[in-house]
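Worksheet for the structure shown next.
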Amino acid sequence: MASDRTGQTFGRLTVIADHGGAQLQCRCDCGREGSYPRAITKPSYRGSKACPWCLGSPCEECGAIIPHTGRMPAKTCSAACRAARAARRERERYAQIKDTDDFKAKRADYLRRLDAAMAADPDLAESVRETRRRAVRAWRERQLADPTLRDKYRIRARQAEQRRLERIRSDPDAYAEHLRKQRAWYHSLSDDEYQRIFVSAREERNRRHKNND
């Protein structure tokens, strides 16, 4: 019959119940209890002598400890954190490549092909425009919910627009083409588009200013 190991400590594990079977009930130094193989009592045992939480690693997003399972440690603790990590890594990847010549060339080629496809397919064109409008609405809703984010975006947008206009105005031909496109775009607006872009937007700005006052 196996010796009673109750009260003995192996690594960070203290045996709190030994019923003579293949498993010992142990308490880790952190206070968590669990079943562990009797082999932890042998000098030749090469397995872990601590609970999965003490051997775990923090989630890269929220910092919660991920219990060790014996396999390669997980990077995140939940589906939400996995999605957040993927989004963060994609933002980091984009920040690294967005200013490279290769990325700019590929993006310009993609936009040319998209414009051609939209010109040939009115249904596709409307679908793309609606997708863009939904994205803009969602972004504005996030801004309205977070004043700090809204102010940060406004400053960044004004600076980017100022740089863009300065770059265009430095080239007379480019500036003339810019004005031509602006006039063509303005005259192409439908009544609904004009109402949404100019009238409704102006009313919304006035309403926000009034509330801030």
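In this text, all values refer to a predicted model and were calculated from it rather than measured experimentally.
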**Asked** Does the pair Arg85 and Lys75 meet the rule for a side chain to side chain contact (heavy atoms under 4.5 Å, CB included), with working shown?
**Response** CA-CA 9 Å; Arg85 178 176 182 268; Lys75 303 295 184 182; 3.6 Å; yes

Indicate yes or no: does [X] engage [Y] in a salt bridge with an N to O separation below 4.0 Å.
{"X": "Asp109", "Y": "Lys106", "answer": "no"}
{"X": "Glu161", "Y": "Arg158", "answer": "no"}
{"X": "Glu90", "Y": "Arg93", "answer": "yes"}
{"X": "Glu130", "Y": "Arg133", "answer": "yes"}
{"X": "Asp192", "Y": "Arg196", "answer": "no"}

**Test salt bridge (Lys or Arg N to Asp or Glu O under 4.0 Å) applied to Arg27 - qualifying residues, sequence neighbours left out** =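 Here the qualifying residues are Glu33.
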
Non-hydrogen side-chain atoms of [X] and [Y] separated by less than 4.5 Å:
{"X": "Leu24", "Y": "His19", "result": "no"}
{"X": "Lys104", "Y": "Lys98", "result": "no"}
{"X": "Phe10", "Y": "Cys26", "result": "no"}
{"X": "Ile197", "Y": "Leu189", "result": "yes"}
{"X": "Ile168", "Y": "Glu177", "result": "no"}

Measure the [atom1]-[atom2] distance between [X] and [Y] for me, rounded to the nearest 0.5 Å.
{"X": "Thr41", "Y": "Leu13", "atom1": "OG1", "atom2": "CG", "value": "12.0 Å"}
{"X": "Cys28", "Y": "Leu55", "atom1": "SG", "atom2": "CG", "value": "7.5 Å"}
{"X": "Met118", "Y": "Asp123", "atom1": "CE", "atom2": "CG", "value": "12.0 Å"}
{"X": "His68", "Y": "Ile65", "atom1": "NE2", "atom2": "CD1", "value": "13.0 Å"}
{"X": "Ser35", "Y": "Gln25", "atom1": "OG", "atom2": "CD", "value": "4.0 Å"}
{"X": "Arg164", "Y": "Arg169", "atom1": "CZ", "atom2": "CZ", "value": "9.0 Å"}

**Request:** For the residue pair Gln8 and Arg5, confirm or rule out a side-chain donor-acceptor distance under 3.5 Å.
**Result:**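 Their side chains do contain a donor-acceptor pair, which is all the 3.5 Å distance test asks for.
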
**Prompt:** Does the side chain to side chain contact (heavy atoms under 4.5 Å, CB included) test come out yes or no for Ile16 and Thr6, once each step is laid out?
**Reply:** CA-CA 5 Å; Ile16 58 175; Thr6 302; 5.9 Å; no

**Prompt:** Out of curiosity, does Trp53 fall in the hydrophobic cluster containing Ile66 (side-chain heavy atoms, cut-off under 4.5 Å, transitive links)?
**Reply:**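 Shared cluster, no.
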
**Message:** Under 4.5 Å between side-chain heavy atoms, counting indirect links through other Ile/Leu/Val/Met/Phe/Trp/Tyr residues: same cluster for Leu114 and Val136 or not?
**Reply:**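 No; Val136 is not reachable from Leu114 via cluster members.
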
**Request:** Check the pair Glu61, Arg82 against salt bridge (charged side-chain N to carboxylate O under 4.0 Å, His left out), reporting the backbone distance first and the verdict last.
**Result:** CA-CA 8 Å; Glu61 292 303 312; Arg82 280 196 297 275; over 6 Å; no

How far apart are the closest heavy atoms of [X] and [Y], and which atoms are they?
{"X": "Asp18", "Y": "Val15", "answer": "CB-CG1, 4.3 Å"}
{"X": "Cys30", "Y": "Arg12", "answer": "N-NH2, 4.2 Å"}
{"X": "Lys42", "Y": "Lys49", "answer": "O-NZ, 4.5 Å"}
{"X": "Cys81", "Y": "Cys77", "answer": "SG-SG, 3.9 Å"}
{"X": "Ser57", "Y": "Pro73", "answer": "OG-CB, 3.9 Å"}
{"X": "Tyr45", "Y": "Pro37", "answer": "OH-CG, 3.9 Å"}

**Item:** Trace of the salt bridge (charged side-chain N to carboxylate O under 4.0 Å, His left out) decision for Arg88 with Glu92
**Value:** CA-CA 6 Å; Arg88 174 177 57 79; Glu92 293 170 352; 3.2 Å; yes

**Item:** Aromatic plane relationship, Tyr186 with Tyr194 - under 30° parallel, 30 to 60° tilted, over 60° perpendicular
**Value:** perpendicular

Is it the case that the side chain of [X] and the backbone of [Y] share a donor-acceptor pair, with hydrogens and angles ignored and the cut-off at 3.5 Å?
{"X": "Glu193", "Y": "Ser190", "value": "yes"}
{"X": "Ser127", "Y": "Leu124", "value": "no"}
{"X": "Ser200", "Y": "Gln195", "value": "yes"}

Considering only distance and modelled atom types, tabulate donor-acceptor pairs under 3.5 Å from the side chains of residues 139-148, sequence neighbours left out.
residue : atom : partner : partner atom : Å
Asp146  : OD1  : Thr148  : N            : 3.1
Asp146  : OD1  : Leu149  : N            : 3.3

**Enclosure of Asp101 CG (heavy-atom neighbours >12, cutoff 6.0 Å)** = no

**Steps toward ring-ring contact (aromatic ring centres under 6.0 Å, His included) verdict (Phe103, Tyr94)** = CA-CA 9 Å; Phe103 176 78; Tyr94 175 71; 5.7 Å; yes

